[in-house]
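The structure appears right after this line, and notes come after that.
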Amino acid sequence: YLMGAVTQNSEQFGKQYFWLLAISATGLIVLAVLISINLLRLMRQYRAGIAGSRLTVRLVIMFVILSVLPVSVVFYFSIGFLHRGIDSWFDVRIEQALENALELSRTSLDARTRELLNQTLIAADDLANASDIDAAVILNDLRNRSSIDELTLLTLSGRIIASSEVDPTNVLPNKPNEAILLQLRQQRSYTGLDPIGDNGLHVRVVVNVPNDDDTAEERVLQALSPIAVRQSTLADSVQLAFAQYKKLAYLRTPLKYSFTLTLSLVLALSLLSAVWAAFFSTRRLVAPIRDLAEGTRAVAAGDYDKRLPVTSHDELGFLVWSFNDMTQKISRARDEAKHSQQQAEAQRAYLEALLERLSSGVLTLDTRHTLRTANSAAGHVLGIDLASRIGHPIEEISVEHAHLGLFVETLRTHLADGSHEWREEIYLAGSSGRQILFCRGTLLARGEAGQADHLIVFDDVTTLVQAQRDAAWGEVARRLAHEFKNPLTPIQLSAERLRHKYLKTMDAKDAEVLDRSTHTIVQQVEVMKEMVNAFAEYARNPQMRPRQLNLNQLINEVLDLYRGGRAGTQFKVLLDPELPIIEADPGRLRQLLHNLIKNSLEAMADQRGSRITISTRCVGESDCRFVELRVEDRGPGIPEEMLGKLFEPYVTTKPKGTGLGLAIVKKIVEEHGGSLQAENLSAGGACLLIRLPVVFVALHAVASIPPQRGVA
């Protein structure tokens, strides 16, 4: 604005120019500092990879380009236009025209002045010899004959003698000043343009009046003639325009510099303002995007409660509001999913606890026969670690454990058939004997992938079947003992009566036949009585009389009966001195030990230098829960086909015997709540292992009599 008025009021512009420069420089410095701060911040954000920094760089560059290009173009053409415009103001022809107009005005005024001077000189000659009294009439006559508006006759001292004016209302004539009178005293006439009050410019001519009388006071004649208003206005206009032109001509170079500097300041302020505005606008534009990126990272990290501030109501504000709404819904869905997961985990824990406490083995297999889950009972029933097999095909079990091949093959057969439900009883033959598994399978519901798992539940019914078989054998034995025992006594008595009555009366040959026959009958009746007694013993349920006893001491008492008996037989005794007191029937345990030792001795009947090893120890996970009795011999061992039915009645490998010894041992062990297992030793021979539970009240009671160790 000030630059636009510099040509009209250059003096005011000169006063304010310094302050304008200072204010502009201050603005430039402030903008430069703001831009530098924003630029450094942007560089740090860009190097740190903060969200929105790359977009900020692109937007700032775009803003700068959009502002620099048009402003630079305008600046370039403005500078050229101003320089050419300022140079056009000072054209030589314009200056010459102004000078010619001024000269023309001066020439016109000079002609008017010379004409008035001539008229005044003629009038002065006419007044040369006129008296002061006649001067007024003469002056009036001279004015009427000329174009002079006012004629005044006065002395050199300034005293007015006579005056004649066109305007009769003007009483006092205009007197010349002392400078004019001084010039006349020097005998020089005066011509000039003087303003006369409010009447405008007048041509003033003052000349000396000739006088022949040297004694008379010298007189001068003044003539005033007005200049036309139009001529005066034009002359003033030309004079003012010429003066203004000279002034501009003097300021031409400073004007160029001033305009150039001003436009440069405007350019710099515009560019820096645009850059700062770019940073400011970009920061406001990118702030929601940065908040969204931060919120997205928070959501990715699992913070679904993140809420962003909504600072505007435009599209970006709607986007932020949508993000907050999304996180709120995700948070609600997460809480619901977490609650559902907790319920599922609770159900899973419940099912796992239920499965772990089931005595039945539970397996789940997928369509590729891969083991997915297995409870601890399944591994216990099969005798392997199934936890390490999860995720592996079920066929690997049969490769590592050959005795489970029938179990795996049965599962594969039913899974291949695609049966929804199936049941089967499987007989396995392992190192511990025959094992009977009752298996049930079902097809579970199909999942989202369209695949269905198979659930297999199996129980070890070996003990149940054995108990049922033992019960059946017991009933058979009881009935056989009852049915056989009654006729045996009459048979024996009849044979003895025949022998007693007829043996003495018969000849020697017939008597020999009768003696041999009746002796055979009596002998076989005795054998049958022993068999009936064994049956009765097996079938009888004796009254248990348990009491606390020292198993080590009981073993030593029984072994004392066998030491020094059969030649060449040694007893190796390894009894645990920390063995706790158990609660059992001493009589039944003595019968158990007799049967085991007798069975081992019979197994080594054909060997010399045989040895029987008897050992005891405590077994349990964290404390002594069971007392283990182990009896080993160096006999031929147990045939593999007999392991599964070794403890059944009438199962024996010896040519003599009823086969009830081990069956009775098994019955005694079961009466005490224990377990019995038979196995072959790798070095040869057989081993029978018995586990009896330890009563809690006697858990920490230790035998007072130290057990014997060594070989007898």
Side-chain angles (χ1 to χ4, degrees), residues 337 340-465 619-622 640 643-644 675 677 679-680 682 689:
S340 300
Q341 184 179 5
Q342 290 176 350
Q343 290 182 339
E345 289 294 335
Q347 292 293 332
R348 180 179 179 181
Y350 173 77
L351 290 176
E352 287 181 353
L354 184 63
L355 289 175
E356 288 299 321
R357 284 158 180 78
L358 286 177
S359 60
S360 302
V362 180
L363 303 177
T364 56
L365 305 175
D366 60 13
T367 55
R368 294 188 296 273
H369 302 173
T370 301
L371 181 62
R372 298 191 60 183
T373 58
N375 64 343
S376 58
H380 178 71
V381 170
L382 296 179
I384 60 175
D385 182 17
L386 288 177
S388 61
R389 302 297 197 284
I390 294 178
H392 298 273
I394 194 69
E395 288 79 7
E396 293 182 1
I397 297 178
S398 61
V399 175
E400 299 178 6
H401 304 277
H403 69 283
L404 297 178
L406 181 60
F407 175 74
V408 174
E409 186 63 28
T410 302
L411 296 184
R412 291 181 57 188
T413 302
H414 287 288
L415 296 182
D417 293 342
S419 303
H420 288 275
E421 291 188 5
W422 54 272
R423 299 181 179 214
E424 187 168 343
E425 197 172 84
I426 304 174
Y427 293 85
L428 303 179
S431 59
S432 60
R434 186 178 64 172
Q435 188 178 18
I436 305 174
L437 301 182
F438 182 70
C439 298
R440 300 174 298 278
T442 184
L443 187 66
L444 299 177
R446 296 184 180 272
E448 296 181 357
Q451 297 181 352
D453 291 344
H454 297 272
L455 174 66
I456 296 96
V457 181
F458 54 92
D459 295 282
D460 187 358
V461 296
T462 307
T463 305
L464 178 61
V465 173
V619 293
E621 296 178 356
S622 59
E640 293 293 333
L643 280 174
S675 62
Q677 183 178 348
E679 59 184 15
N680 289 319
S682 59
L689 189 145

What residues form a side-chain hydrogen bond (donor to acceptor under 3.5 Å, both in side chains) with Ser675, not counting sequence neighbours?
none
Hey, what do you get for CD (Glu345) to OG (Ser340), rounding to the nearest 0.5 Å?
11.5 Å
Examine distances only and state if a side-chain atom of Thr370 and a backbone atom of Asp366 form a donor-acceptor pair shorter than 3.5 Å.
no
Can you name the side-chain hydrogen bond (donor to acceptor under 3.5 Å, both in side chains) partners of Thr410, sequence neighbours left out?
none
Taken to the nearest 0.5 Å, the spacing of Glu409 CD from Ile426 CD1 works out to 10.5 Å
Quick one: list whatever passes salt bridge (Lys or Arg N to Asp or Glu O under 4.0 Å) with Asp460, sequence neighbours left out.
none
Check whether any side-chain heavy atom of Thr373 lies under 4.5 Å from a side-chain heavy atom of Leu363, and answer yes or no.
no
Does Ser376 have any side chain to side chain contact (heavy atoms under 4.5 Å, CB included) partners at least two apart in sequence or in another chain, and if so, which?
Glu356
Interatomic spacing from CD1 in Ile384 to NE2 in His401 - rounded to 0.5 Å:
4.5 Å
Does His380 have more than 12 heavy atoms from other residues, nucleotides or ligands lying within 6.0 Å of its NE2?
no
Using the side chain to side chain contact (heavy atoms under 4.5 Å, CB included) criterion, which residues pair with Gln343? Sequence neighbours excluded.
His339
Test side chain to side chain contact (heavy atoms under 4.5 Å, CB included) applied to Leu689 - qualifying residues, sequence neighbours left out:
Glu628, Arg630, Arg691
Please identify each residue that fulfils side-chain hydrogen bond (donor to acceptor under 3.5 Å, both in side chains) with Glu400, with sequence neighbours left out.
Arg389
If I compare all heavy atoms of Asn375 with all of Ser360, which pair ends up nearest, and what's the gap?
ND2-O, 3.0 Å
With sequence neighbours left out, the residues meeting side chain to side chain contact (heavy atoms under 4.5 Å, CB included) with His369 are Ile394, Glu395, Arg412, Leu415
Hey, does Ile397 have a side-chain heavy atom less than 4.5 Å from the side chain of Leu386?
yes
Could you go through Leu455 and Val457, starting from their C-alpha distance and side-chain angles, then the distance that decides it, and tell me whether this counts as side chain to side chain contact (heavy atoms under 4.5 Å, CB included)?
CA-CA 7 Å; Leu455 174 66; Val457 181; 4.2 Å; yes
Taking salt bridge (charged side-chain N to carboxylate O under 4.0 Å, His left out) as the cut-off, I'd like each qualifying pair that reaches into residues 413-428, sequence neighbours left out, listed once.
none
Could you tell me if the side chain of His454 sits less than 4.5 Å from the side chain of Leu443, heavy atoms only?
yes
Apply ring pair (Phe, Tyr, Trp, His ring centres under 6.0 Å) to His414 and list each qualifying residue two or more places apart in sequence or on a separate chain.
Trp422
Check whether any side-chain heavy atom of Ile456 sits under 4.5 Å from a side-chain heavy atom of Leu365, and report yes or no.
yes
Taken in chain and number order and not counting sequence neighbours, the residues that satisfy ring pair (Phe, Tyr, Trp, His ring centres under 6.0 Å) with Phe407 are Phe458
Does Ile436 offer a backbone N or O that forms a donor-acceptor pair with the side chain of Asp459 under 3.5 Å?
no
side-chain hydrogen bond (donor to acceptor under 3.5 Å, both in side chains) partners of Thr442, counting only residues at least two apart:
none
